[in-house]
Amino acid sequence: MWGRLPRRGIVVNVTETAHWLTLPDVAERLDTTIVKVHQLIKDGSLLAVRRDGIRVVPAELVANETVLKHLPGVLTLLHDAGFNDEEALRWLYTADDTLPGTPAEALGGDMAREVKRRAQAVAF
């Protein structure tokens, strides 16, 4: 599946660069229940992966008591392209010199729609 990732970027070690939140921490940050967090993950609105046997979410994907606005759409596009959660995570954290850093970082700023367009291009 590496062929689907942008060739120009450097794949960062997400484990080292991302700040992780456990699901109870996500529930607290979103001011909701753990059941709602599980539903967000099941619906594809939020990305969670296992690290050391525990499901965690990159903190950058949860901002100001909400999931980043364009994240659910980007995740849907990546999943439609056949990416699993780990591959989607790698795509989000692959450095791109045409963005300010990684797609995950760009989702929180003015380049969010560009990230969504790029995820759509990967899907087709």
Side-chain angles (χ1 to χ4, degrees):
M1 297 276 176
W2 283 99
R4 295 182 188 170
L5 296 174
R7 296 194 188 283
R8 72 183 123 206
I10 298 170
V11 179
V12 297
N13 184 338
V14 180
T15 303
E16 293 176 5
T17 59
H19 179 290
W20 299 101
L21 296 174
T22 63
L23 299 189
D25 291 338
V26 173
E28 183 177 321
R29 185 176 270 192
L30 295 177
D31 193 27
T32 191
T33 65
I34 191 75
V35 172
K36 177 66 174 169
V37 172
H38 283 281
Q39 190 63 46
L40 288 169
I41 294 165
K42 182 179 177 187
D43 292 344
S45 297
L46 188 61
L47 180 70
V49 294
R50 290 200 181 272
R51 294 291 181 259
D52 298 323
I54 299 169
R55 290 179 83 188
V56 292
V57 173
E60 297 84 7
L61 303 181
V62 182
N64 301 326
E65 298 180 2
T66 62
V67 173
L68 289 178
K69 180 179 178 181
H70 294 279
L71 179 64
V74 168
L75 292 176
T76 296
L77 290 166
L78 293 174
H79 288 135
D80 287 351
F83 283 60
N84 64 32
D85 288 344
E86 286 286 342
E87 293 163 338
L89 185 69
R90 277 190 222 115
W91 187 88
L92 285 166
Y93 283 90
T94 297
D96 187 330
D97 56 0
T98 63
L99 291 172
T102 66
E105 293 167 334
L107 274 176
D110 295 337
M111 298 292 290
R113 288 206 164 113
E114 178 61 23
V115 172
K116 196 170 184 178
R117 279 191 286 276
R118 291 174 188 206
Q120 188 173 19
V122 169
F124 294 102

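Values below: every heavy atom of this structure, side chains too, minus hydrogens, waters and symmetry copies. As the structure is a prediction and not an experimental result, all values here were calculated from the model.
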For the residue pair [X] and [Y], establish whether any side-chain heavy-atom pair is separated by less than 4.5 Å.
X      : Y      : answer
Leu23  : Ile41  : yes
Leu75  : Leu92  : yes
Trp20  : Ile54  : no
His79  : Thr76  : no
Lys116 : Lys69  : no
Asp96  : Glu114 : no
Val62  : Leu46  : yes
Val57  : Val37  : no

Measuring from atom [atom1] of [X] to atom [atom2] of [Y], what distance do you get when rounded to the nearest 0.5 angstrom?
X     : Y      : atom1 : atom2 : value
Leu68 : Leu47  : CG    : CG    : 11.5 Å
Leu30 : Asp25  : CG    : CG    : 11.0 Å
Leu77 : Arg117 : CG    : CZ    : 12.0 Å

- Message: Less than 4.0 angstrom from a charged side-chain N to a carboxylate O is my criterion; do Glu86 and Arg51 meet it?
- Response: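 Result for this pair is yes, salt bridge flagged.
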For [X] versus [Y], what's the shortest heavy-atom pair and its separation?
X      : Y      : result
Ser45  : Pro72  : O-CG, 3.6 Å
Thr102 : Leu99  : C-CD1, 4.4 Å
Gly82  : Glu87  : O-OE1, 3.7 Å
Leu61  : Ala104 : CD2-CB, 4.3 Å
Trp91  : Leu78  : CE3-CD1, 3.6 Å

- Does CD belonging to Gln39 count more than 12 external heavy atoms closer than 6.0 Å?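 For Gln39, atom CD is crowded (more than 12 foreign heavy atoms under 6.0 Å).
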- Arg55 (side chain) donor-acceptor with His38 (main chain) under 3.5 angstrom: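 Checked: no pair found.
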- Query: Leu107 and side chain to side chain contact (heavy atoms under 4.5 Å, CB included): which partner among Glu60, His70, Arg113?
  - Reply: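 Filter result, single survivor: His70.
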